[in-house]
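Report on the structure given below.
Keep in mind that this is a model prediction, so the values were computed, not measured. Both backbone and side-chain heavy atoms feed into the values below; hydrogens, waters and symmetry mates do not.
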Amino acid sequence: MALPSSIKAATALSGLGVIAFALTGCPDPEARFNEFLDATEDDRPMADDGDTGEDTETGDTGGPEGLPDMTGTYLFALVTTLDPETPLQFVTTVDMTVAEDGLSGEADFTFQPLSLDVGSKTAPREFVGDPLVYAGIPIDANGGYTIDMGTVQVTGAANPITGSDIEATLQVLGEIVHASAFCGDLSGEVTSPLQYDLAGSTFGAIRLGDDGSDPSALPIEFPYRCDMVPPADPTFPDLNGTFLYAMVTTLDPETPLQFVATVDFTYNADGTAGTANICFQPLSLDVGSTTAPREFVGDPLCYEDIELSADGTYDIDMGTVMVTGAANPITGSDIEATLQVAGEIVHADAACGDMTGEVTSPLQYDLAGSTFGAIRLSDDGSDPATLPIEFPYRCDMVPPEGG
């Protein structure tokens, strides 16, 4: 099956991963991305027709021109082994000079901390504290560089892990991935408010379309490890994020079970497909209800290394699953079932498909004919008040991209 045209249109968003979607109202991601393209046109590598833009002899992604000029503004996010899913964030400005032969460069880096509530990735993200400035950093022919940041102090307002002021010694070992991204490792030691070895810490950075001072323009999804950095020109949508996933069975085809599905997506090397780790968090539902109370309940169901093909299809063998009765709006009974998912990506904001298997408790029932739909959420799905009231649970209910 050919990848739907809506997927191809949606891939333009994958570099930023900023799609907030709900049936009750959605922003204009296409306009946001067009602004990004205009702002970065001179910085993105271009290839002639039939040319991939890659030097097959050296492996450089800058083509015959050598290193790309990374001058611009980036969202720089780093995680430590203290909390590998709660990144500290900076708006990083790079002023780079590339040597005439394109095989080396030098750059000035300025790291402006962003404020973050404890446990948050997206709020409030305002400039806070003094910027950290490092001048004359050499960049080698492979795009590698090292920044010895020395002893740095970061205000607690920029620490989403504990909210405490941080003092640490830091060394950055980075690499240019392509003209809109870089990533790497951090080492060093936190010296206050505790002593902690930072070995194993990582970072990712993606180019912004503005100066980073407007929190509402910052991407909601962004890399903080090298394996999260999207390719330069992917043809597959970036699926990182959270989705409302609703499924119905022939037992009651209008009363869906609901889950918040969190997707950790990784592109393959050429950006034409990828793999995903998906966790399904059940939502509580009163019997007969589709909207209340929808609070997280029970343990999430997690599946790793799900392959998504270039045509947008995927399969998940969920095995035997158990769902608490609090998440069963049909009878309120605990459910035990074997489930297999056959899905397809409709566009970057939605997926749908069929489910097969068998309920084994509290009754025996063939699940053939069951269906599901999934739409992207603008947050982590934990606030029932922000979940959409109307949502798809069959493929014919999935709205078009952006509406």
Discussion item. A side-chain contact here means heavy atoms from C-beta on lying under 4.5 Å apart; do L283 and V297 qualify?
Written reply: no
Practice prompt. Apply the side-chain contact (heavy atoms from CB on, under 4.5 Å) test between V98 and each candidate in T71, I139, L103, L67; give the one that qualifies.
Written response: L67
Discussion item. Determine whether I335 and L257 satisfy the following criterion, side chain to side chain contact (heavy atoms under 4.5 Å, CB included), listing intermediate values before the conclusion.
Written reply: CA-CA 11 Å; I335 299 170; L257 281 73; 3.9 Å; yes
Worksheet entry | Electrostatic pair E401-R376, nearest N-O below 4.0 angstrom | no
Worksheet entry | Test log, rule ring-ring contact (aromatic ring centres under 6.0 Å, His included), inputs F76 and F203 | CA-CA 7 Å; F76 179 105; F203 76 90; 4.7 Å; yes
Practice prompt. Could you tell me whether the side chain of S370 reaches within less than 4.5 Å of the side chain of V248, counting heavy atoms only?
Written response: no
Discussion item. Looking at every heavy atom in both E344 and C395, which two are closest together, and how far apart are they?
Written reply: OE2-SG, 4.4 Å
Practice prompt. Give the C-alpha distance, both sets of side-chain angles, the deciding distance and a yes or no for side chain to side chain contact (heavy atoms under 4.5 Å, CB included) between Y134 and D108.
Written response: CA-CA 6 Å; Y134 303 90; D108 299 337; over 6 Å; no
Item to complete: Using a cut-off of 6.0 Å, state whether more than 12 heavy atoms not belonging to D299 lie near its atom CG.
Response: no
Response to the item:
OG1 (T242) and CG (L377) are apart, to the nearest 0.5 Å, by 4.5 Å
Worksheet item: Would you say the side-chain atoms of D83 and T86 include a donor-acceptor pair closer than 3.5 Å?
Response: yes
Please set out all donor-acceptor pairs under 3.5 angstrom arising from side-chain atoms of residues 318-332, sequence neighbours excluded.
from: T324; atom 1: OG1; to: A326; atom 2: N; distance (Å): 3.4
from: N328; atom 1: OD1; to: I330; atom 2: N; distance (Å): 2.9
from: N328; atom 1: OD1; to: T331; atom 2: N; distance (Å): 3.3
from: N328; atom 1: ND2; to: T331; atom 2: OG1; distance (Å): 2.9
from: N328; atom 1: ND2; to: S333; atom 2: O; distance (Å): 2.9
from: T331; atom 1: OG1; to: S333; atom 2: N; distance (Å): 3.2
from: T331; atom 1: OG1; to: S333; atom 2: OG; distance (Å): 3.4

Discussion item. Between E85 and Y224, do the side chains contain a donor N or O and an acceptor N or O under 3.5 Å apart?
Written reply: yes
Discussion item. Between R225 and D264, does any NZ, NE, NH1 or NH2 come within less than 4.0 Å of an OD or OE carboxylate oxygen?
Written reply: yes
Practice prompt. Report, as yes or no, whether the 6.0 Å neighbourhood of atom CD on E167 holds more than 12 heavy atoms from other residues, nucleotides or ligands.
Written response: yes
Worksheet entry | Aromatic centroids of F236 and Y267 separated by under 6.0 Å | no
Discussion item. If you define the side chain from C-beta out and look only at heavy atoms, does anything of S378 sit under 4.5 Å from T386?
Written reply: no
Item to complete: Might you work through the side chain to side chain contact (heavy atoms under 4.5 Å, CB included) test for V263 and N240, ending with a clear yes or no?
Response: CA-CA 5 Å; V263 180; N240 280 295; 5.6 Å; no
Worksheet item: Judged by modelled atom types alone, do T360 and Y365 share a side-chain donor-acceptor pair under 3.5 Å?
Response: no
Worksheet entry | Donor on one side chain, acceptor on other, D227 and T266, under 3.5 Å | no
Fill in: Side chain H178, main chain D233, donor-acceptor under 3.5 Å
no
Worksheet item: Using the benzene-type ring in the case of Trp, are the ring centres of Y74 and F182 under 6.0 Å apart?
Response: yes
Worksheet item: Is there a donor-acceptor contact under 3.5 Å linking the side chains of Q171 and S187?
Response: yes
Worksheet item: For the atom pair NZ (K121) and CG (L116), what is the distance rounded to the nearest 0.5 Å?
Response: 11.0 Å
Discussion item. When you compare the side chains of D140 and N142, does any donor N or O come within less than 3.5 Å of an acceptor on the partner?
Written reply: no
Worksheet, complete the sentence: Sequence neighbours excluded, the answer for ring pair (Phe, Tyr, Trp, His ring centres under 6.0 Å) partners of F109 is Y145
